[in-house]
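Everything on this sheet refers to the single structure shown next.
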Amino acid sequence: MTDDSAGTTASLEGLLTALATGEVEVVDLTNPLSSQTPALRLPEPFANLIDFSLETVSEYDAPGPYWKHANIHTGEHIGTHLDAPIHWISGRDGDDVSQIPVQRLIGPAVVLDFSAEAAADPAFLLEIEHVTAWEAEHGPLPEGGWVLYRTGWDQYAQDQEQFLNTDENGSHTPGVSAACAAWLAGTGITGLGVETVGIDAGNAAALDPAFPVHYHLMGSDKYGVTSLQSLALLPTRGAVLIVAPLPIVGGTGSPARVLALVPRQA
């Protein structure tokens, strides 16, 4: 064994020990997936995905006396899920969810906390100056890492009506401005994670381009993760994010289990 491989083995053993002792905690950022999980509702004439549901095939009975199993029915972009580049027209020649390099699904994460601003204005948009001011205080965005945008919206994640916050003028949920979306797409981040139903603001159809976070990030070979929970439990920086979608061949996205490894707080 070389010195390098011995050092790597020791690092992995150190991580396992830290997990076992609680020095490193695992925070589940995933919204549980059920038929009640809030999902995007597009207005006519656009088509919506089906909601998640389970169809029991057997339950310790004649069709399967020793087991219980079910078929799942769901859209790709339901609940906590990952958006692959091919999801959007700007990334149509990019990777599907099965082609995403697995190394890019694990990386450092920073939390940009704008929950106070979103509480004051549910249609709050993150601007470039917000991010650069954050960087001046907390350091640069992580190369090959994730920006997690905390708005406090996870408090509504079990209520379809509040989560979408829709009236006759559309949906009012926080997001990112078109200018900021283009700016983020030009950085070295892997992707953006949000607590809302999608990576764009509720009113993003009115922005230029429409749905700019999708347009710019997907077109720049970056990813989105939506409907995250418990970002309040993460440090501003220092967490490691693990995103685990299903490798669906041809898939534009997938429900995902999203975990954060976090050093135990003193």
Side-chain angles (χ1 to χ4, degrees), residues 24-33 37-40 77-83 104-127 130-131 133-135 137-142 144-159 162-165 172-177 180-181 184 187 189-202 204 213 217 222-245 253 255-266:
V24 171
E25 300 176 326
V26 182
V27 180
D28 194 345
L29 305 181
T30 315
N31 193 14
L33 187 56
T37 301
L40 182 66
H77 301 265
I78 299 295
T80 302
H81 67 270
L82 180 137
D83 293 341
R104 296 188 70 191
L105 296 175
I106 303 174
V110 296
V111 179
L112 278 61
D113 186 354
F114 287 88
S115 55
E117 289 81 355
D121 176 11
F124 171 77
L125 294 180
L126 189 72
E127 300 285 359
H130 293 131
V131 184
W134 183 94
E135 287 186 300
E137 181 177 358
H138 301 290
L141 302 181
W146 293 84
V147 171
L148 305 181
Y149 177 28
R150 183 180 174 229
T151 57
W153 213 255
D154 57 339
Q155 67 184 301
Y156 306 125
Q158 306 308 317
D159 186 306
Q162 288 186 296
F163 198 55
L164 299 185
N165 195 31
H172 308 281
T173 63
V176 179
S177 74
C180 190
L184 286 171
T187 69
I189 65 171
T190 288
L192 175 72
V194 301
E195 297 167 322
T196 45
V197 73
I199 56 174
D200 267 296
V213 181
L217 263 65
K222 301 187 190 303
Y223 317 132
V225 176
T226 76
S227 299
L228 295 175
Q229 308 284 288
S230 304
L231 294 185
L233 300 180
L234 272 53
T236 300
R237 62 188 318 131
V240 173
L241 197 72
I242 302 170
V243 182
R257 194 72 180 261
V258 182
L259 306 174
L261 303 183
V262 181
R264 185 170 63 192
Q265 304 299 303

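Bear in mind the structure is a predicted one, so any value in this text is a computation, not a measurement.
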Can you name the residues that form a side chain to side chain contact (heavy atoms under 4.5 Å, CB included) with [X], not counting sequence neighbours?
X: Pro235; answer: Ala239, Val262, Gln265
X: Leu33; answer: Thr37, Phe52, Ile78, Pro255
X: Pro108; answer: Pro142
X: Thr173; answer: Trp153, Asn165, Ser171, Thr196

Qualifying residues under salt bridge (charged side-chain N to carboxylate O under 4.0 Å, His left out), relative to [X], sequence neighbours excluded:
X: Arg237; result: none
X: Asp28; result: Arg257
X: Asp113; result: Arg150

Rounded to the nearest 0.5 Å, what's the gap from [atom1] on [X] to [atom2] on [Y]? Could you check?
X: Leu148; Y: Leu192; atom1: CG; atom2: CG; value: 8.0 Å
X: Gln155; Y: Gln229; atom1: CD; atom2: CD; value: 11.0 Å
X: His77; Y: Asp83; atom1: NE2; atom2: CG; value: 5.5 Å
X: Ile106; Y: Arg104; atom1: CD1; atom2: CZ; value: 13.5 Å
X: Leu29; Y: Leu259; atom1: CG; atom2: CG; value: 7.0 Å

Could you pull out the closest heavy-atom pair between [X] and [Y], with the gap in Å?
X: Gly152; Y: Ser115; result: N-CB, 3.9 Å
X: Leu125; Y: Ala201; result: CD2-CB, 3.6 Å
X: Ser227; Y: Val197; result: OG-CA, 3.9 Å
X: Ile199; Y: Val194; result: CA-CG2, 3.9 Å
X: Val213; Y: Asp200; result: N-OD1, 3.0 Å
X: Leu231; Y: Asp154; result: N-OD2, 4.4 Å

With sequence neighbours excluded, residues passing side-chain hydrogen bond (donor to acceptor under 3.5 Å, both in side chains) with [X]:
X: Thr80; result: none
X: His172; result: Asp167
X: Gln158; result: Asn31
X: Glu127; result: Ser177

TODO: State, yes or no, whether a side-chain contact exists between Leu261 and Val26 at a heavy-atom distance under 4.5 Å.
DONE: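 With C-beta onward as the side chain, the pair touches.
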TODO: Could you check Trp134, Tyr149, Trp146 and say which one makes a side chain to side chain contact (heavy atoms under 4.5 Å, CB included) with Val110?
DONE: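 Running side chain to side chain contact (heavy atoms under 4.5 Å, CB included) over Trp134, Tyr149, Trp146 with Val110 returns exactly one hit, Trp134.
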Open item on the list: Strictly distance-based, threshold 3.5 Å: is any side-chain N or O of Glu195 a donor or acceptor partner for the main-chain N or O of Thr151?
Closed with: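 Yes; at least one donor-acceptor contact below 3.5 Å.
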- [ ] Start with the C-alpha distance between Val225 and Leu241, add both sets of side-chain angles, then the distance that settles side-chain contact (heavy atoms from CB on, under 4.5 Å), and finish with yes or no.
- [x] CA-CA 11 Å; Val225 176; Leu241 197 72; 5.6 Å; no
